[in-house]
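Take a look at the structure set out below.
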Amino acid sequence: MAQLETRELEYFIALADELHFGRAAVRLSIAQPALSKAIRRIETRLGVPLFDRSSRHVELTPAGKALQEHGRHALNAVSAAIRYAQRAGDTRARLRLVLKPGGDAGLLSGLLAAYADQPDARQVDIVFSGPSDRADFLRDGRADVGLLYAPFDDLDGLAHETLLTEDRVVVVPAGHRLAGRTSVRMSDLEGETLPRWKGVPGGEGTGPEVADVVQMLQMITVGRMIGVLPRSLVEPLPAGLVCLPVTDAPPSRLVLAWVEQDRRPLVASFVTAALTLRRDTKRSRLDAPAAPIASDSERLAPQDAR
């Protein structure tokens with residue numbers, strides 16, 4: 001059976017990404033002839049061509065595209081295994097929590113306080129990520145637990161607990177045609193320009209690319225787009241913008257996620273703290289005095305934490 005060493009797979013992935021022997025060699029800090037020889041050796045061992053080469057360009061073959069996709073996962077898995085092994089043996093390891101800026105729905109302080117009450121609590125490092133890679137931080141070991149949004153983040157292979165369920169809203173400029181409404185439906189947004197999120201392939205957005213909610217709100221303010229988001233991500237709302245409930249949009253869930261196979265005590269303690277916070281929050285709201293009958297707009301406020 002053909003086998004590849006990790007180093008050989010790294011050589012292949014570098015060339016598959018760069019599609020240029022010179023750039024790939026620089027990235028790997030090796031000589032270009034050595035890289036060429038390594039690629040030929042890999043192709044001979046696998047029995048299939050991985051690249052179409054000419055004097056002007058390098059392209060992946062179908063076999064090369066398949067190896068690029070699955071090989072990258074394999075390298076990530078090896079890196080994750082090393083990180084997990086190192087951290088499992090480190091009794092002083094800190095717990096790393098990944099989230100996007102402002103992506104805690106106001107729960108972060110309470111969550112950290114609840115964890116600090118655990119008898120085996122560790123120092124917590126907060127790691128901020130982009131709009132699309134928080135789940136990857138968990139899978140490759142760069143973070144231990146994460147605050148993710150369902151259904152937007154990929155939870156495949158991750159265990160998770162819902163901390164908050166909330167409605168979704170559309171944010172528009174104050175002069176927008178919908179700004180005077182009390183609520184909208186998804187059909188009301190047809191033909192509108194939505195953002196393209198940096199690093200997120202596909203999607204329905206046709207507007208400018210944005211990397212975070214702050215950039216999106218700035219682009220909405222100048223009339224370049226509108227945005228549909230969980231309510232907590234846009235509160236407090238900047239001046240000049242209007243926030244409207246989208247009554248038929250599926251709700252958003254803020255979840256605490258971790259790798260399903262991760263049984264380390266520091267992760268279990270943090271999950272326990274999160275569940276305690278969720279239970280206490282629900283109990284305090286149930287014990288609160290009954291609120292006056294709400295107006296139509298107030299009835300469309302975010303749902304309580306589950």
Side-chain angles (χ1 to χ4, degrees), residues 94-116 124-138 142-155 158 160-174 193-200 203 205 207-222 224-246 249-258 270 273-274 277-278 281 300-306:
R94 298 182 175 190
L95 183 134
R96 293 170 296 184
L97 169 66
V98 64
L99 69 157
K100 63 182 176 183
D104 67 316
L107 299 181
L108 184 57
S109 294
L111 187 56
L112 295 178
Y115 177 61
V124 179
D125 290 337
I126 307 298
V127 181
F128 292 109
S129 76
S132 63
D133 57 354
R134 286 177 300 285
D136 291 337
F137 272 64
L138 298 175
R142 285 176 288 170
D144 305 303
V145 291
L147 292 177
L148 279 62
Y149 277 90
F152 314 107
D153 289 309
D154 178 14
L155 299 177
L158 301 177
H160 55 88
E161 288 286 346
T162 298
L163 302 183
L164 177 72
T165 301
E166 58 182 328
D167 65 342
R168 291 164 67 191
V169 297
V170 61
V171 181
V172 300
T193 300
L194 296 171
R196 291 181 296 111
W197 291 99
K198 185 176 182 180
V200 181
E209 185 179 76
V210 296
D212 53 42
V213 174
V214 172
Q215 290 183 6
M216 186 198 73
L217 294 178
Q218 290 175 336
M219 298 304 289
I220 295 174
T221 300
V222 297
R224 298 290 301 277
M225 64 174 67
I226 66 170
V228 179
L229 290 168
R231 183 185 291 271
S232 63
L233 291 181
V234 296
E235 292 183 339
L237 196 66
L241 298 178
V242 175
C243 176
L244 306 168
V246 184
S252 166
R253 293 183 295 121
L254 177 66
V255 305
L256 178 71
W258 64 99
F270 198 86
L277 174 66
R278 186 179 71 182
T281 301
L300 294 169
Q303 302 176 33
D304 287 342
R306 195 175 67 158

inquiry  = Using the side chain to side chain contact (heavy atoms under 4.5 Å, CB included) criterion, which residues pair with Ala116? Sequence neighbours excluded.
reply    = none

ask   = Hey, what do you get for CG (Leu95) to CG (Asp144), rounding to the nearest 0.5 Å?
value = 4.5 Å

Contacts of Phe270 that satisfy ring pair (Phe, Tyr, Trp, His ring centres under 6.0 Å) - sequence neighbours left out = Tyr115

request  = Identify, with sequence neighbours excluded, every residue that meets salt bridge (Lys or Arg N to Asp or Glu O under 4.0 Å) alongside Asp133.
outcome  = none

ask   = Can you check whether Arg142 reaches Val127 side chain to side chain, under 4.5 Å on heavy atoms?
value = no

query = Are any of the side-chain heavy atoms of Leu164 and Thr281 separated by less than 4.5 Å?
reply = no

inquiry  = Applying side chain to side chain contact (heavy atoms under 4.5 Å, CB included), can you list everything that pairs with Leu229, at least two apart in sequence or on another chain?
reply    = Trp197, Val213, Met216, Leu233, Val234

remark   = The side chain to side chain contact (heavy atoms under 4.5 Å, CB included) partners of Pro250 (sequence neighbours excluded) come to Arg168

query = Roughly how far, to the nearest 0.5 Å, is the CD1 atom of Ile220 from the OG1 atom of Thr193?
reply = 11.0 Å

query = Under the criterion side-chain contact (heavy atoms from CB on, under 4.5 Å), which of Thr162, Leu277, Val145 is the partner of Leu256?
reply = Val145

ask   = Under 4.5 Å between any side-chain heavy atoms of Leu138 and Leu148, yes or no?
value = yes

message = I need the single residue from Leu244, Ile226, Val242, Leu237 that forms a side-chain contact (heavy atoms from CB on, under 4.5 Å) with Val171. Which is it?
response = Leu237

ask   = Do Asp167 and Arg231 sit within salt-bridge range, that is, some charged N less than 4.0 Å from a carboxylate O?
value = yes

Spatial distance of atom CE (Met225) from atom CG (Leu194) [nearest 0.5 Å] = 8.5 Å

key: Close side-chain approach of Tyr149 to Lys100, heavy-atom, < 4.5 Å   = yes

query = Considering residues at least two apart in sequence or located in another chain, which fulfil the side chain to side chain contact (heavy atoms under 4.5 Å, CB included) criterion with Gln215?
reply = Val210, Ala211, Asp212

